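Note sheet for the following structure.
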Amino acid sequence: MQLMLKKCTIRPWRLDDADSLARQANNRKVWLAVRDRFPHPYTIPDAHEFLQRAVTGQPVMKFCIETEAAGGGIGVHPGEDVYRHTATVGYWLGEEFWGRGVMTEAVTAVTNFCFENFPLRRISAEVFANNRASARVLEKAGFTFEARLKDNVIKAGELLDSLLYARTK
Ligand SMILES: CC(C)(COP(=O)(O)OP(=O)(O)OC[C@H]1O[C@@H](n2cnc3c(N)ncnc32)[C@H](O)[C@@H]1OP(=O)(O)O)[C@@H](O)C(=O)NCCC(=O)NCCS
């Protein structure tokens with residue numbers, strides 16, 4: 001998949017994205033909004049390890065968001081069994097590219113692409129309740145707020161609610 005958009009290109013990760021990936025991902029503000037399996041600090045070896053997995057994964061469901069260089073990532077995770085018609089989406093962007101509408105464009109395009117090309121009926125995303133910018137991205141990308149999951153997350157020692165958003169076909 002390659003999506004050439006106005007503000008960014010969504011494309012498969014490449015092994016030579018390591019330097020740019022580590023530079024953008026090595027940011028506590030990014031880490032605070034994502035799962036703990038996202039390393040912090042984020043080193044070049046962490047980037048190599050991620051890229052090895054990303055380029056060999058079949059089907060390729062983890063994508064690079066390219067602005068001037070590899071600027072962030074977006075991944076689609078298909079459900080299984082009775083959830084096989086669903087997927088979840090996760091994403092992050094390097095801080096220097098925030099606030100330009102890049103992620104709104106990326107999430108909209110990737111979810112449109114997934115609905116058009118896979119037999120999916122539902123794509124959901126979960127946002128920590130303190131992340132207004134990400135909730136806003138989902139709203140602008142056509143997702144509906146479904147639920148506040150109380151005390152669902154522990155991040156950086158803090159117990160947080162999370163917000164469940166979904167787009168259905
Ligand atoms: C959240 C994130 C993806 C947003 O990406 P982005 O490209 O800056 O988002 P956009 O520019 O498309 O849209 C951001 C929207 O949030 C709004 N926003 C930003 N900060 C906000 C805040 N503190 N409170 C409320 N709204 C906020 C912006 O104004 C904009 O909405 P608008 O167009 O209506 O004005 C990016 O900041 C990021 O990667 N953060 C760290 C990782 C992360 O949060 N990942 C998502 C985990 S669920």
Side-chain angles (χ1 to χ4, degrees), residues 3-11 13 17-43 46-47 50-51 53-54 61-79 83 86-114 120 122-168:
L3 302 174
M4 312 272 276
L5 308 173
K6 286 202 187 87
K7 298 175 182 190
C8 65
T9 296
I10 313 288
R11 60 157 173 84
W13 285 102
D17 288 324
D19 287 358
S20 183
L21 167 58
R23 190 167 56 251
Q24 299 301 337
N26 187 31
N27 181 337
R28 186 172 162 83
K29 289 189 200 161
V30 171
W31 177 81
L32 280 173
V34 297
R35 296 187 187 198
D36 284 347
R37 66 171 177 240
F38 193 95
H40 188 71
Y42 200 115
T43 62
D46 290 324
F50 169 81
L51 292 169
R53 274 184 283 120
M61 290 307 243
K62 288 185 166 61
F63 300 98
C64 171
I65 301 172
E66 182 171 285
T67 44
E68 286 112 61
I74 184 162
V76 180
H77 312 278
Y83 304 110
T86 75
T88 58
V89 63
Y91 47 84
W92 66 273
L93 189 66
E95 189 175 1
E96 64 184 274
F97 307 113
W98 290 2
R100 303 184 194 171
V102 170
M103 197 55 87
T104 300
E105 181 180 65
V107 171
T108 305
V110 168
T111 48
N112 285 345
F113 179 88
C114 287
L120 288 172
R122 172 186 168 91
I123 299 177
S124 62
E126 218 183 283
V127 176
F128 304 163
N130 57 4
N131 193 348
R132 275 308 306 154
S134 186
R136 187 76 194 114
V137 164
L138 292 169
E139 284 159 9
K140 287 193 295 177
F143 285 63
T144 302
F145 171 71
E146 290 191 340
R148 172 178 283 262
L149 311 179
K150 297 292 288 180
D151 295 345
N152 196 35
V153 169
I154 294 182
K155 187 68 193 188
E158 200 182 345
L159 191 60
L160 296 170
D161 298 349
S162 65
L163 309 177
L164 177 63
Y165 282 84
R167 232 182 105 178
T168 53

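Fair warning: this is a prediction, and the values are worked out from it, not measured in the lab. Both counts, for ligands and for their atoms, begin at 1 and track the order of listing.
Distances shorter than 4.0 angstrom occur between a heavy atom of Lys140 and an atom of ligand 1. Assignment of Glu105 to the shell around ligand 1 is not supported, since no heavy atom sits closer than 4.0 Å.
Less than 4.0 angstrom separates atom 3 (C) of ligand 1 from at least one non-hydrogen atom of the protein. Distance check on atom 28 (C) of ligand 1: every protein heavy atom falls at or beyond the 4.0 Å cut-off.
Comparing heavy-atom distances from atom 48 (S) of ligand 1 across Ala125, Cys8, Ser134, Gly71 singles out Ser134 as nearest.
Within 6.0 Å of atom OH in Tyr83, 12 or fewer heavy atoms from other residues, nucleotides or ligands are found, so the atom counts as exposed in its surroundings.
Contacts with ligand 1 closer than 4.0 Å are made by heavy atoms of both the backbone and the side chain of Thr104. Here Arg136 has side-chain heavy atoms under 4.0 Å from ligand 1, and that is the only part of it that gets that close. Both the backbone and the side chain of Tyr91 come within 4.0 Å of ligand 1, judged by heavy-atom distances. Here Glu95 has no heavy atoms under 4.0 Å from ligand 1, in either its backbone or its side chain.
For ligand 1, the polar-atom distance check finds an N/O of Leu93 within less than 3.5 Å of one of the ligand's N/O atoms. Looking at ligand 1, you'll find an N or O of Met103 within less than 3.5 Å of one of its N or O atoms. Not one N or O of Lys29 is nearer than 3.5 Å to an N or O of ligand 1, by distance alone. Polar contact with ligand 1: present for Gly101 (N/O pair, distance under 3.5 Å).
Using modelled atom types, one side-chain atom of Lys155 and one backbone atom of Val34 make a donor-acceptor pair closer than 3.5 Å. Of the possible donor and acceptor atoms, none in the side chain of Asn152 sits under 3.5 Å from a partner among the backbone N and O of Asp161.
Tyr91 meets the ring-ring contact (aromatic ring centres under 6.0 Å, His included) test with no other residue; sequence neighbours excluded.
Checking Trp31, Phe50, Trp92 one by one against Phe38, the ring-ring contact (aromatic ring centres under 6.0 Å, His included) holds for a single residue, Trp92.
Applying the side chain to side chain donor-acceptor pair (under 3.5 Å) test to pairs two or more places apart or on separate chains, those with a residue in residues 101-113 are Thr104-Lys140, Thr111-Arg167, Asn112-Arg167.
Looking at Arg100 and Glu68, a side-chain N of the basic residue comes within less than 4.0 Å of a carboxylate O on the acidic one, giving a salt bridge.
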